[in-house]
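Here's the structure we're looking at; comments come further down.
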Amino acid sequence: MQDDLIAQGVELMLVGMGTVFAFLTVLVGATSLMSTLVMRRAAVTANAGGPSNEELAAMSAAIARHRRKSTN
Amino acid sequence: MQDDLIAQGVELMLVGMGTVFAFLTVLVGATSLMSTLVMRRAAVTANAGGPSNEELAAMSAAIARHRRKSTN
Amino acid sequence: MQDDLIAQGVELMLVGMGTVFAFLTVLVGATSLMSTLVMRRAAVTANAGGPSNEELAAMSAAIARHRRKSTN
Amino acid sequence: MELIEQIWLSSGLYQITPGRLVMIGVGLTLLYLGIVKNFEPLLLVTIGFGGILSNIPGVEIATGDGLLHLTYVVGIETGAFPLIIFMGVGALTDFGPLLANPRTLFLGAAAQFGIFATLLGALALTALGWMDFSLREAAAIGIIGGADGPTAIYVAGQLAPNLLGAIAVAAYSYMALVPLIQPPIIKALTTEKERAIGMVQLREVSKAERILFPLVLLLLVAALLPSAAPLIGMLTFGNLMRECGVVERLSHTTQNALINIVTIFLGLAVGSKLSAEEFLVPSTLGILVLGMVAFAIGTASGVLMGKLMNRLSAQPVNPIIGAAGVSAVPMAARVANRVGLEANRHNILLMHAMGPNVAGVIGSAVAAGIMITFTAG
Amino acid sequence: MELIEQIWLSSGLYQITPGRLVMIGVGLTLLYLGIVKNFEPLLLVTIGFGGILSNIPGVEIATGDGLLHLTYVVGIETGAFPLIIFMGVGALTDFGPLLANPRTLFLGAAAQFGIFATLLGALALTALGWMDFSLREAAAIGIIGGADGPTAIYVAGQLAPNLLGAIAVAAYSYMALVPLIQPPIIKALTTEKERAIGMVQLREVSKAERILFPLVLLLLVAALLPSAAPLIGMLTFGNLMRECGVVERLSHTTQNALINIVTIFLGLAVGSKLSAEEFLVPSTLGILVLGMVAFAIGTASGVLMGKLMNRLSAQPVNPIIGAAGVSAVPMAARVANRVGLEANRHNILLMHAMGPNVAGVIGSAVAAGIMITFTAG
Amino acid sequence: MELIEQIWLSSGLYQITPGRLVMIGVGLTLLYLGIVKNFEPLLLVTIGFGGILSNIPGVEIATGDGLLHLTYVVGIETGAFPLIIFMGVGALTDFGPLLANPRTLFLGAAAQFGIFATLLGALALTALGWMDFSLREAAAIGIIGGADGPTAIYVAGQLAPNLLGAIAVAAYSYMALVPLIQPPIIKALTTEKERAIGMVQLREVSKAERILFPLVLLLLVAALLPSAAPLIGMLTFGNLMRECGVVERLSHTTQNALINIVTIFLGLAVGSKLSAEEFLVPSTLGILVLGMVAFAIGTASGVLMGKLMNRLSAQPVNPIIGAAGVSAVPMAARVANRVGLEANRHNILLMHAMGPNVAGVIGSAVAAGIMITFTAG
Ligand code: NA
Ligand code: NA
Ligand code: NA
């Protein structure tokens, strides 16, 4: 029974670390992809001239931050 | 039964809007009356010289507001 | 029964006030002792030169207070 | 190895349903509207995120012992959160413009017609067999026309908890869309000349009037319509703390830490009602349509009341400010101001529109009380 | 139409009772005292408003599922609110003056005589058949003499919840009336010459002493009087957060957002005990009378203790500061300072009076522990 | 007189047990470490004080209707407090460095090896018959290696409430001891030359990336590991509020009033598990030992992963920053920076270490999800 417990532990360790790495690998990929898309988009819109979503977001952020100073 | 439901709705609409108007009409009256009394009182006490309740309130308000700046 | 109630009250009053005084007397003693020890220790460490615990505490306090201004 | 299978079986990819996928999309859309379009961000961001969390498969978040479900039970079923928010609204509201010109309360009254018309509409859809709303549900849907989030959530929690998610989403979405919904309606119902009407400067309002008003309002509600007392009571309590000037530290906390904390959890708790099972039902579509109708009718009746008041009263009344009677504070007042400037670039209606705007808050709370009196019994 | 009748039947005008009318008047009076007279506004405004809400007929606010009743159950029956407030009091209290002159603790002890004398008084009224107070109720009433709101509410919640409303109102009202109650008593018991006594400058108190004191106090309570540990424990925890200097962000929040939020809901919850049914009973009258007596006796015994200490100790003690031993922080200390200035316009007693003042807080918490030990068992 | 006997019988001196005395000493030690040594003061001060209160004999504080026990039931058993703290952590965390160099996530992954090694260790001790930990208990103990307080408390509350006190104390104590534990391990596993490696300046991260990252993370967790969704969900919600820029008032309150209030009560509630009965058991010793091992292994595997990445990747990677992968934000990153400066006084690693540091928070939350999936089922 106790060996069984150890066995369980070993299996859990292997699968667990495997899952952690698998998940974070996928996260690295997804994050890099997201960043690439954002930067490409930013470049495009920059040429296009019109303010990009991220610029809009940045602006509203600035505004909101300014507001907060007064409200909070 | 469904016509009955509609009938209920119509009745509820009429009585409801009636009540809303009735209530807010009373509120308009009460508010105006309150304002009139306050302004008359203010005038009186102003002549009487002594600080009126509302002035007292205003003062304590100012004080409190000043305090808050330090405490909060 | 009612006299009994009064008797209870009188006893509770005497024991109660006695306990309050007893407790606060012990507190006076303990507080004075604590202060004496602290001040003696402070004197010692002051001569010894090295920063005493209370100085450390005071410093970290000062630092923390400074920090707070920025964080809160 | 069966552990790996266990991971797969417990994964979202394995357990996801089309409905949950759609609702996660809805949640992301609310986040987009809040963050990028800056529509009612305080609520759309929290509700949207809560909506996403509620549709993650295979984990208890919006159900059972999940945090969002507990928050819902503690804060919404009890009515505590909307009432506390209403206290905060009271602490943030300046009734000065209303006190300077109490007749604007009539505009706040007229705009509530949207509520009752929508109630009737909901019953009509039921009579037609397209929907199946009970009287209580129809009443809760109608309150969307009140354009007041906490009031809508409070009433829905009392009369139709099953519809709360859709009603809250509709209420906040349309409040966010006020700048798009109202101008065409205003312009359709008024002439260029009417919209250019200038209004006389509002008088100064004394400290004493500001302190006494919440008490007058509370006592009238107590005397005439007790079922509105929980909402109006908290609103006036917050406003009294604001105006009395001797409890500034309480007023400051109510306007900041307290209302912010409750807003976060209110949003998440409302989001917990956006689970696919509860939200993706025909009635939601009906609610969204009816809510839009409610806003339109409320705006229209406010404007028409403005035209009437302009006829009857000695002093000129610009009918545009009637549209602010739906509340949606302060958005509707800003919209009225902007439409006014288009017609007459020297005409600042903002403070004049704030009167009906806050009157609308009182009006819909009163209407809520009436609904509860008539249907909860 | 029977809907209109339904409105009338559910209206306050129809359902109002004389008792509720009286209590709404009481609530308005508390608001007047708080707002216009500026008496303990943080509590009188919240309690007063809660009292009005609790007496609105025909709606559940202070009963059933009403917000105020839920708040009472969650915050007062559990003892959580008074304990959290006490933590905030600890975070706001500077024990420096007490540490500089620990003997002032005796003044804080003497002033608690008011508590036990009042307990006896309550029992006497019962023996006379004028009132009918149990031992627990008498103990809870006595604590009014502690002149400490949270302590009174905590003890009442533990020993006599049915009297909590009257006890809380009495405690805060008399704390507010300290400037009127104390000076005549002080002057009656002291000579002009005694009141003019100057006191030696207090010594500097080191950071380490400030940090160690709450721990010394807590450990003594743990060793000698555990039943006072909940109150003293939270008080010392708050004070340690204040003094230790390494958790400033927690201390700051405890002194502001947290204590403010709890104060709002504590006030409303206490107000929920001002319903006519519970408040308009003969015992309330007895409690108000006994509370006044408690304050007077407490003040007197504090002053007499001051005279005694002045006799016995090498350094002069101005007996006025004994009156501050009832706590009622910081009002009583300010009153002592003013009375002192009248006798000697160069005599600043404020810091000397702060010692007994905060000692009074400890004293009444200790007395509360004793009461619970002897009566709750 | 039997009243005096009653006082004696109810006193702490009479009722104290050796165990409680020891635990009061432990509480005082935690206060000393927090206040004088400035180790994790926010938690050690609150937990330490709570621990003292919980061991005062003869009064209900950490049991029955006592405030600390109620707080534990409401805040920890429900998981609410650790989740709210995690939301606050999200609102306080800048994921910029991680976004600038996502590969640092691998360091955060490697450092979690400490968790699983400790799990195995706990089972080994059981197999050896020295301890008796169930699989769930072993999993909860392992999470100490995550070096993340709220995660450890959340998992312990879910899988092994009986061990929560020891686990929380171990987690925060070792996080506090990071400056002592990590440097020797780092130096043992790296050459002077490796520690001197300079790293290329991190790129600017755009607002849009900051806003999208929490959503990407949440959706991945939803798709792959829903059991981690409560923790990651609250973390990403807090971070989205921080970065989206349109709900600053909510973000500000989350970073201050809200997280401070919850920290106070979380600390007291955790302290309530330090009662002698629950804490002074053999398993506590095992937990303390295993926790230390977990930290050491986590640090080592992070550093080794750093060495590997340095080999494999084009750009140089200073292995020191791998040690920050255990999280213990921001202490571990500061330690890495200091060790780096010792080797090369021009080498500022702080921002480079922040990447793995926050990656470690995600990593341990993911590991927590895995533990719950495998053992809670
Ligand atoms: Na409205
Ligand atoms: Na006292
Ligand atoms: Na970690």
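Values below: every heavy atom of this structure, side chains too, minus hydrogens, waters and symmetry copies. By convention in this document, chain letters (A, B, ...) are assigned in the order of the sequence lines, proteins followed by strands, and residues within each chain are numbered from 1.
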List the steps, then state whether salt bridge (Lys or Arg N to Asp or Glu O under 4.0 Å) holds for F:Asp94 with F:Arg242.
CA-CA 9 Å; F:Asp94 171 12; F:Arg242 168 202 178 86; 5.0 Å; no
If we only count heavy atoms from C-beta on, is the F:Arg203 to F:Asn101 side-chain gap below 4.5 Å?
no
Options F:Ala122, F:Ala367, F:Ala110, F:Ala117, ranked by heavy-atom pairs under 4.5 Å with chain A, top entry:
F:Ala110
Pick one of side chain, backbone, both or neither for F:Leu224, based on which atoms fall under 4.5 Å of a heavy atom in chain A.
side chain
Would you say the side-chain atoms of F:Ser227 pair up with the backbone N or O of F:Gly369, donor to acceptor, closer than 3.5 Å?
yes
Derivation of the side chain to side chain contact (heavy atoms under 4.5 Å, CB included) call for F:Glu209 and F:Phe213:
CA-CA 6 Å; F:Glu209 289 169 272; F:Phe213 176 70; over 6 Å; no
A:Met17 versus chain F, the contacting section by heavy-atom distance below 4.5 Å:
both
Proximity breakdown for F:Ile370 and chain A, heavy-atom pairs closer than 4.5 Å:
side chain
Looking only at atom types and distance, does a side-chain atom of F:Asn357 sit under 3.5 Å from a main-chain N or O of F:Gly325, one as donor and one as acceptor?
no
Which portion of F:Leu119 sits near chain A, non-hydrogen atoms under 4.5 angstrom
side chain
F:Phe86 side chain reached by F:Tyr154 side chain, heavy atoms, under 4.5 Å:
no
Quick check on F:Leu219 against chain A: is it the side chain, the backbone, both or neither that has a heavy atom closer than 4.5 Å?
neither
Under 6.0 Å from the CZ atom of F:Phe113, do we count more than 12 heavy atoms belonging to anything else shown?
no
Where on F:Ala359 is there a heavy atom nearer than 4.5 Å to chain A: the side chain, the backbone, both, or neither?
neither
With respect to chain A, which residue among F:Leu217, F:Leu98, F:Leu225 yields the maximal number of heavy-atom pairs within a distance under 4.5 Å?
F:Leu217
Max heavy-atom pairs within cutoff under 4.5 Å with chain A, candidates F:Leu99, F:Ile115, F:Val221, goes to F:Val221
